[in-house]
Amino acid sequence: MRDVAVIGVGCTTFGEKWSESFRDLFIEAGALALEDAHLSGEKIDAMYVGNMSAGRFIEQEHNGALIADYAGMATRHIPSTRVEAACASGGLAFRQAVIAVASGMEDIVVAAGVEKMTDVEPGATTDALAGAADREWEGFVGATFPGLYAMIARDYMHKYSMTREQLAQVAVKNHYNGARNPIAQYQQEITIDTVLRSTMVADPLRLFDCSPITDGAAAVILAPMSRAREFTDTPIKVLATAQASDSIALHDRRDISTLDATVAASQRAFKMAKLTHKDINMVEVHDCFSIAEICAIEDLGFCKKGTAGKFTADGETALGGRIPVNTSGGLKACGHPVGATGIKQVCEIVQQLRGTAGKRQIDGAKIGMTHNVGGTGATVAVHILGRV
Amino acid sequence: MTVARFWRKIPQRYNLIGTKCETCHRHFFPPRTFCPDCRREGKIVDHKFAGKGTVVTFTIIQTAPDQFASHGPYVLAIIKLDEGPQMTSQVVCDPGEAKIGMRVKSTFRRIATDGESGIIHYGTKFMPE
Ligand SMILES: [Zn+2]
């Protein structure tokens with residue numbers, strides 16, 4: 001297998017973007033990534049696009065071809081493939097693109113992610129998202145997405161001594177980072193009180209424990225490492241790509257508050273990169289809900305099971321902490337356009353490794369990790385990226 | 001949900017008819033037609049569950065989907081059935097009464113309504129034993 005490098009990244013601002021369409025969003029992200037890689041569109045050999053539910057959100061399927069077409073590549077007939085794994089669609093699109101380049105099959109490959117979520121009523125958006133869980137045996141009996149994560153939170157808090165305030169600190173920390181990220185949906189800091197006084201959604205989770213509904217797109221461009229310096233002075237090497245699956249329904253898991261797919265994917269990634277958690281300078285984890293970040297940092301191996309609440313409250317995951325988590329603001333503050341999230345995580349780590357992350361820059365960042373989850377943990381993608 | 005999609009699972013939804021593997025004796029609810037342990041050696045047959053179990057974890061849904069909105073806040077739980085498997089279901093009780101470890105038994109109830117004039121779906125919920 002060949003070594004693979006990220007040579008360009010681009011991301012739209014995230015938010016409720018009423019004036020922009022699905023097509024506007026991915027064109028903007030793609031153009032930013034091409035500009036960043038000093039590349040023209042004719043050089044692109046293939047595309048992979050992460051998208052969860054354009055069929056439900058804008059009643060448009062067949063988005064691989066649509067995106068290649070509106071990116072001006074219809075007459076070049078490049079292969080363009082949509083990848084779907086609910087909220088992990090972006091992470092899987094990135095992995096497919098890495099595999100295409102590593103195999104030698106393609107040279108210059110775009111991995112993108114896009115979601116336009118605000119063109120339908122909020123109820124329809126929520127219902128589409130519920131399709132990431134088991135519709136037949138979870139959704140049909142009244143399970144909502146926040147409800148499923150709330151059951152993880154209650155199981156966790158029953159087994160381990162995490163306080164409600166410690167859980168709220170996840171959102172407080174992510175808003176602090178979001179306030180330092182110019183693309184973030186929410187750029188204002190909050191306090192623990194903001195979280196504890198927000199509306200109860202699914203006990204014990206409140207509105208500020210939940211990531212928002214977001215429009216946005218992100219794109220990265222990959223090349224074989226041997227060619228990367230034709231395009232950029234700061235290629236970022238893909239040190240590992242890993243993916244794992246688990247039962248679609250939460251009730252079928254070995255342990256309700258451990259994402260075994262996260263454990264499996266991170267172990268595979270560390271093995272492939274020949275690294276351990278101590279080598280990672282910062283990580284973007286999938287904090288669709290505050291409890292998801294607590295489980296993620298434990299299941300990825302950054303702290304022991306049952307200790308992530310205290311670890312977070314002690315500032316170990318903050319900017320300047322032992323392992324900064326979600327410097328972008330995470331899904332909570334940066335926003336969560338589901339198909340784009342996995343690609344945005346790569347964009348953030350690349351910026352950190354290049355030293356261009358501005359007010360949220362981690363000094364001397366050399367190696368970073370991304371962690372993207374589909375559903376309640378039925379799909380997980382983990383990637384490790386490094387400066388060369 | 002179309003009538004056919006609901007109708008085809010009526011035995012499972014109304015009467016907790018799951019399956020079991022006669023090779024390894026593992027029980028499945030929701031039903032499976034393929035045993036993950038025995039694979040092709042597995043022999044799957046229907047099995048009626050007794051409908052008793054224990055609450056593993058739960059939440060109180062405050063923000064409900066439209067088809068469940070008429071219920072007001074409701075208790076949603078993962079229940080470990082005495083035969084082994086775990087399932088997701090509502091628990092009919094005062095939200096303040098719900099507890100991890102609580103013993104529950106199945107009960108036949110209205111689950112959801114498809115719009116104002118749509119069909120009403122019935123199925124299994126649980127109540128304190
Ligand atoms: Zn068996």
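Letters go in sequence order (proteins before strands), and every chain restarts at 1.
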### Query
Is there a side-chain contact between D127(A) and P65(B), using heavy atoms and a 4.5 Å cut-off?
no
#### Entry: Validation row: I100(B), R154(A) side chains within 4.5 angstrom (heavy atoms)
yes
### Summary
Smallest heavy-atom separation, G147(A) atom then T59(B) atom, equals O-CG2, 3.5 Å
### Non-hydrogen side-chain atoms of F140(A) and K9(B) separated by less than 4.5 Å
no
### Task
Assess whether atom CZ of R103(B) is packed by more than 12 heavy atoms of other residues, nucleotides or ligands within 6.0 Å.
yes
### Message
Could you report the tightest heavy-atom contact between T57(B) and D155(A), atom names first, then the distance?
### Response
OG1-N, 3.4 Å
### Query
Backbone N or O of V141(A) within a donor-acceptor pair of the Q90(B) side chain at under 3.5 Å?
yes
### Message
Any heavy-atom pair between the side chains of P85(B) and H251(A) that's under 4.5 Å?
### Response
no
### Largest heavy-atom contact set with chain B, pairs under 4.5 Å, which of G142(A), A249(A), G123(A), A130(A)
G142(A)
#### Entry: Heavy-atom pairs under 4.5 Å with chain A, option from Q67(B), M87(B), Q12(B) with the top count
M87(B)
### Summary
Note: E136(A) and R5(B) closest approach over all heavy atoms is OE1-NH2, 3.4 Å
#### Entry: Close side-chain approach of M151(A) and L76(B), heavy atoms under 4.5 Å
yes
### Task
Determine the minimum heavy-atom distance between I256(A) and V56(B), stating which atoms define it.
CG1-CG1, 4.2 Å
Throw together a table of side-chain donor-acceptor distances under 3.5 angstrom for residues 31-42 of chain B, partners on residues two or more places apart or in other chains.
from   : atom 1 : to      : atom 2 : distance (Å)
R32(B) : NH2    : D252(A) : OD2    : 3.2
D37(B) : OD1    : R26(B)  : NH1    : 3.3
D37(B) : OD2    : R26(B)  : NH1    : 2.8

### Message
At a 4.5 Å cut-off on heavy atoms, which part of F58(B) comes close to chain A: side chain, backbone, both, or neither?
### Response
both
### Task
Measure the shortest side-chain to side-chain distance between F29(B) and W137(A) over non-hydrogen atoms and say whether it is less than 4.5 angstrom.
yes
#### Entry: Within-4.5 Å side-chain heavy-atom neighbours: L250(A) and I78(B)
yes
